[in-house]
Novice: 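This structure is in structure tokens; I'll ask about it shortly.
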Amino acid sequence: MGFFQDNLIPIFKKRELLFQESYKEAENVFSFVFEKEKDMTWKAGQYGLFSITHKKIKNPTKPFSLSSSPTENVIKITTVIPDEPSDFKKALLELKKGSKVSMSGPLGPFYLKDNRPALLVAGGIGITPFRSIVKRLSDESSGFGNKVHLLYMDSQQSFLFKNEWDEISKQASLNVNYLTSRDELYLKINEFLTSYKDEANYFIAGPKSMTDSISTHLLNQNVHKKNITKDVFTGY
Ligand SMILES: Cc1cc2nc3c(=O)[nH]c(=O)nc-3n(C[C@H](O)[C@H](O)[C@H](O)COP(=O)(O)OP(=O)(O)OC[C@H]3O[C@@H](n4cnc5c(N)ncnc54)[C@H](O)[C@@H]3O)c2cc1C
């Protein structure tokens, strides 16, 4: 897929989404669920540009990965709402059943493109696109053609969707490691590198400092740039 198909054409596709519900996933983390229209689809791992439309706020549009899978019946985003939320997050919390937001997209190259082994590295809330990717693999009848290894690092040990990961990894070729320190994370990355070197796809999602340092490490270990895909979560 090219840059145009992943980014420029979908950015013009704007649609209104009907809000259904929100719920708490963990301390300061909420999911927001919207109705999915029949013709709406995306590649698991992609994001949308979500805009607040029910009131005027300063920065009304922000990118969010879709944490639901295209195999599910809803569009879901999952986000951190700190004790002092931004106007955008306050507006999300105000949504009532039937309220609308708008979404442009789906956008971005953050999705599995072939059946090669994949290392998925998530830092904190960077887990959201991987929830979509893994759920899709487990829902589809063709299942896990890929060997998928998820490294989920959160220094607060707040591991989102843990029940789902544990359930899926029982029956599919999904391996999950929950990690709380950078040293543990690099140890696991290096283990994967020893087995698969440049014969795998590497996906990294999380804050910029983390995605930058891991991709630099992979490049230094002779992983080709084309095998590394990053989602840099701005704002963290
Ligand atoms: C491709 C991509 C995918 C992404 N996917 C996700 C995702 O799945 N989940 C996710 O959570 N994020 C995701 N992000 C990041 C997301 O777009 C936001 O940048 C992020 O959630 C921070 O938004 P915010 O409104 O809290 O932060 P900002 O507006 O950047 O504010 C940062 C902090 O400043 C303070 N602040 C700002 N305004 C006020 C105010 N008026 N009053 C008091 N305090 C204030 C708050 O403490 C706030 O947390 C993604 C980003 C990209 C680029």
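First listed ligand is number 1; within each ligand, the first listed atom is number 1. Positions are given from 1 along the sequence.
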Novice: Which atoms of ligand 1 are found less than 4.0 Å from any heavy atom of Y47?
Specialist: 1 (C)
Novice: Looking only at non-hydrogen atoms, find the nearest pair between F34 and F50 and report the distance.
Specialist: CE1-CE2, 4.4 Å
Novice: Could you tell me the residue and atom name of the protein heavy atom closest to atom 5 (N) of ligand 1, and the distance to it rounded to 0.1 Å?
Specialist: S65 N, 3.1 Å
Novice: How close does the nearest protein non-hydrogen atom get to atom 8 (O) of ligand 1, and which residue and atom is it?
Specialist: T128 OG1, 2.8 Å
Novice: Could you tell me whether K89 and ligand 1 have an N or O pair separated by under 3.5 Å?
Specialist: yes
Novice: Any protein heavy atom at under 4.0 Å, with atom 13 (C) of ligand 1 as the reference point?
Specialist: yes
Novice: Students should be able to answer this: which protein heavy-atom is nearest to atom 41 (N) of ligand 1, and at what distance?
Specialist: D87 OD1, 3.2 Å
Novice: Salt bridge check, R136 against E140: does any charged N sit closer than 4.0 Å to a carboxylate O?
Specialist: yes
Novice: Under 4.0 Å from a heavy atom of T234: give me the atoms of ligand 1 that qualify, with their elements.
Specialist: 15 (C), 16 (C), 18 (C), 19 (O), 20 (C), 51 (C), 53 (C)
Novice: If you scan the protein for heavy atoms around atom 34 (O) of ligand 1, do you find one that is closer than 4.0 Å?
Specialist: no
Novice: Quick one: do D139 and K135 make a salt bridge, cutoff under 4.0 Å?
Specialist: yes
Novice: Around atom 9 (N) of ligand 1, find the nearest protein heavy atom and jot down its residue, atom name and distance.
Specialist: T78 O, 2.9 Å
Novice: Is a salt bridge present between E25 and R131, judged by a nitrogen-to-oxygen distance below 4.0 Å?
Specialist: no
Novice: Report, in ascending order of atom number, the atoms of ligand 1 lying under 4.0 Å from any heavy atom of V80.
Specialist: 11 (O)
Novice: Would you please determine whether Y236 falls within less than 4.0 Å of ligand 1 on a heavy-atom basis?
Specialist: yes
Novice: Need the ligand 1 atom indices (1-based, order shown) with element for anything under 4.0 Å from a heavy-atom of P82.
Specialist: 49 (O)
Novice: Take every heavy atom of P85, measure it against each atom of ligand 1, and state whether any distance is under 4.0 Å.
Specialist: yes
Novice: Are F233 and Y47, when compared by the centres of their aromatic rings, separated by less than 6.0 Å?
Specialist: no
Novice: Are any of the N/O atoms in T79 less than 3.5 Å from those in ligand 1?
Specialist: yes
Novice: Looking at K97 and E21, does any basic side-chain N land under 4.0 Å from a carboxylate oxygen?
Specialist: no
Novice: Considering non-hydrogen atoms of the protein only, which is the closest contact for atom 53 (C) of ligand 1, and what is the distance?
Specialist: V232 O, 3.2 Å
Novice: Touching ligand 1 at all, I77? Heavy atoms, strictly under 4.0 Å?
Specialist: no
Novice: Please tell me if the side chains of L193 and L119 come closer than 4.5 Å, counting only heavy atoms from C-beta onward.
Specialist: no
Novice: Do the side chain of T53 and the main chain of S102 share a donor and acceptor less than 3.5 angstrom apart?
Specialist: no
Novice: Closer than 3.5 angstrom, by distance alone: can the side chain of K113 be matched with the main-chain N or O of P109 as a donor-acceptor pair?
Specialist: yes
Novice: Check whether S132 reaches the backbone of A44 with its side chain - one donor and one acceptor, N or O, closer than 3.5 Å.
Specialist: no
Novice: Tell me which protein heavy atom sits closest to atom 2 (C) of ligand 1, plus the residue, atom name and distance to 0.1 Å.
Specialist: P63 CB, 4.0 Å
Novice: Provide, to 0.1 Å, the distance between atom 28 (P) of ligand 1 and the closest protein heavy atom, together with that atom's residue and name.
Specialist: K62 NZ, 3.4 Å
Novice: When you check the gap from the basic side-chain N to the acidic O, do K55 and E94 get nearer than 4.0 Å?
Specialist: yes
Novice: Is the backbone N or O of S22 less than 3.5 Å from a side-chain atom of K76, with the two atoms forming a donor-acceptor pair by type?
Specialist: no
Novice: Of E84, K58, K208, which has the heavy atom at the shortest distance from atom 44 (N) of ligand 1?
Specialist: E84
Novice: Within 45° of the six-membered ring axis of F203 and under 6.0 Å from that ring's centre, is NZ or CZ of K230 located there?
Specialist: no
Novice: Check each atom of ligand 1 against the heavy atoms of I125 and keep those under 4.0 Å away; list them by number with element.
Specialist: 9 (N), 10 (C), 11 (O)
Novice: Please report which non-hydrogen protein atom sits nearest to atom 37 (C) of ligand 1, along with the residue it belongs to and the distance in Å to one decimal place.
Specialist: S86 CB, 3.6 Å
